[in-house]
Amino acid sequence: MHDLRTLRDHLDAIRDRLGPRGADVQWETLRKLIEERRALTGRVEQLRADLKKGSDEVARLKREKQPAETAVAAMKAVGERIAEGETALRTIEESLSDLALRIPNLPHETVPVGRTAEENREVRRWGAPPLLTAPPKAHWDIGEALGILDFDRAAKIAGARFAVLTGAGARLERALINFMLDLHTTEHGYREVMPPLMVNRLAMTGTGQLPKFEEDLFRLRDEDYFLIPTAEVPVTNLHREEILNESALPVRYTAYTPCFRREAGSYGKDTRGLIRLHQFNKVELVAFTKADQSYEELERLTGHAETVLQRLGLHYRVMALCTGDMGFSAAKTYDIEVWLPSQNQYREISSCSNFEGFQARRAGIRWKGAGGKKDSKTEFVHTLNGSGLAIGRTLVAILENYQQPDGSVLIPEILRPYMGGMARIEKE
RNA sequence: GGAGGGGUGACGGAGCGGCCGAACGUGCCGGUCUUGAAAACCGGAGACCUCGUAAGGGGUCCGCGAGUUCAAAUCUCGCCCCCUCCGCCA
């Protein structure tokens, strides 16, 4: 969410900078509500000041045993006017915050301008595609042939867009989770978190999934809880309505969680395989920093996600998303795309974003210096997060990039200790 | 699910319906003292909204929301959360 004063003073500039991203925002209603709120707030506050003085006067009269009927009657009238004003003010503020919560974040000045993914800018590449002697097979063919992936039975017990991993497949998934968590906690300095997988409406609003994107979420029927679409939600909201101590910053967390997404509107896309499921595993990186350090942190965090791919020996490229392809809350986003031989293209495996103060303002996450001096005013933190990495897609990349002509799949060196020494997945 | 207790500032912990943004203690910041530190003493320090170029002014906040009243941290009701005991349970 944007700061209301900034919004009031620079509404046109913000609308211009958002361009097409702000197309469905009701700017004029917003402008009107902001003005109405300001005017009404002033009036109500003046009345409350009158009431306070008047009530003190009543108290004085009663102490001095003087008649107070006139003053009491006058204050009763003032009280009624305040009640009316407050009711009106509440209505205005509800409409206002509903509108304001639907305005996307402003892109950072370094974000390339564009409308679609076509206009994303490649930042760098690492490694090279593997040299395969046979035409590459798709991961679902490889996995089903090896007996480690089962989509038919997943459909039987759940439905489309679910998968069952068995045997070495399940173990590989678990190995990837453990490898990534170990890397981030021991070498990159993140604190491991295991959060709830269901969160309330406030948490979803804090990170920006609500109110605008409710149709993307799974919601419980009898409770107002939502299944998390990413660990970003519970982990960022750990510090909702908190004032962090300056000495604690930057705060860095990593969390493994399953993620749940409706995938509404993606019918027909990636219907086969593990690429797009209603439930998938992910190791997430989350950071809280001071405002002047968040872009440095974004580079760091993206680098941490890249390290995972480098250790696994998987070829990838890093893309700076253009203004039109970025998510609602982000100010700048890098996508990391891994090479998939069967598709002959790069596919997103991580998305790392700086949200600046956008989520912090929604969630009330601030920081303050130690000194009780005037120079230690409270400020909103900047929040960041990125996948480090999406586990299922990493498994896809391993199956496809390490496939052998005989149908087996080599296991990257770094994972072998996590696989009980196994070097290759073969049909059992 | 049943019974009882409780939610106050960074923390602990007071608070006759008006003089309470809130005693007291700890912690924190600055100062005095000291070779330095500690102790002691003195002083300071919450968050948010709003008007104002500023200095400064006004308002809100004692879990959340309604209500009673001229006036609510204090009274009433609903909700949320925490604790103890019982039941159930991985």
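The sequence lines fix the lettering, A, B, ..., with proteins before strands; numbering per chain opens at 1.
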Worksheet item: So, are A:Asp150 and A:Lys156 salt-bridged, with charged N and O less than 4.0 Å apart?
Response: no

Worksheet item: So, are A:Lys290 and A:Glu246 salt-bridged, with charged N and O less than 4.0 Å apart?
Response: yes

On a whole-Å scale, what distance lies between the [atom1] atoms belonging to [N] and [M]?
| N | M | atom1 | result |
| --- | --- | --- | --- |
| B:rC79 | B:rC41 | P | 50 Å |
| B:rC28 | B:rC80 | C1' | 32 Å |
| B:rU74 | B:rG7 | C1' | 15 Å |
| B:rU76 | B:rG5 | P | 13 Å |
| B:rC89 | B:rG1 | C1' | 12 Å |
| B:rA73 | B:rU8 | C1' | 7 Å |
| B:rA23 | B:rC85 | C1' | 35 Å |
| B:rC83 | B:rG63 | C1' | 15 Å |

Worksheet item: A:Ile365 CD1 to B:rA47 C1': how many Å, rounded?
Response: 16 Å

With a cut-off of 3.5 Å and sequence neighbours excluded, list every side-chain donor-acceptor pair involving residues 68-92 of chain A.
unit_1: A:Glu86; atom_1: OE2; unit_2: A:Arg48; atom_2: NH1; d: 2.4
unit_1: A:Thr87; atom_1: OG1; unit_2: A:Ala83; atom_2: O; d: 2.9
unit_1: A:Thr91; atom_1: OG1; unit_2: A:Thr87; atom_2: O; d: 3.0

Worksheet entry | By ring pair (Phe, Tyr, Trp, His ring centres under 6.0 Å) - contacts of A:Tyr256 (at least two apart) |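 A:Tyr256 satisfies ring pair (Phe, Tyr, Trp, His ring centres under 6.0 Å) with no other residue.
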
Discussion item. Going by ring pair (Phe, Tyr, Trp, His ring centres under 6.0 Å), name the residues that satisfy it together with A:His382, two or more places apart in sequence or in a different chain.
Written reply: none

Worksheet item: Which letter, B, S or -, goes with each nucleotide of nucleotides 48-71 of chain B from 5' to 3', with contact meaning a protein heavy atom under 4.0 Å?
Response: SBSS------BSS-----S---BS

Identified pairing partner of [N], criterion: Watson-Crick or G-U wobble below 3.5 Å:
| N | answer |
| --- | --- |
| B:rG67 | B:rC75 |
| B:rC24 | B:rG12 |
| B:rG87 | none |
| B:rG52 | none |
| B:rA40 | B:rU32 |

Fill in: Given A:Glu306, A:Glu413, A:Glu187, the one that forms side-chain hydrogen bond (donor to acceptor under 3.5 Å, both in side chains) with A:Arg311
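The passing option is A:Glu187.
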
Discussion item. How about CD on A:Gln26, more than 12 heavy atoms from neighbouring residues, nucleotides or ligands closer than 6.0 Å, or not?
Written reply: no

Worksheet item: How would you list all residue pairs meeting salt bridge (Lys or Arg N to Asp or Glu O under 4.0 Å) that involve residues 318-337 of chain A, not counting sequence neighbours?
Response: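 Listed by first then second residue: A:Arg317-A:Glu337.
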
Worksheet item: So, A:Glu173 and A:Asn281: side-chain donor and acceptor under 3.5 Å apart, yes or no?
Response: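 A donor-acceptor contact under 3.5 Å links the two side chains.
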
Worksheet item: Listed in order of residue number, which residues of residues 27-35 of chain A have a non-hydrogen atom at under 4.0 Å from RNA chain B?
Response: none

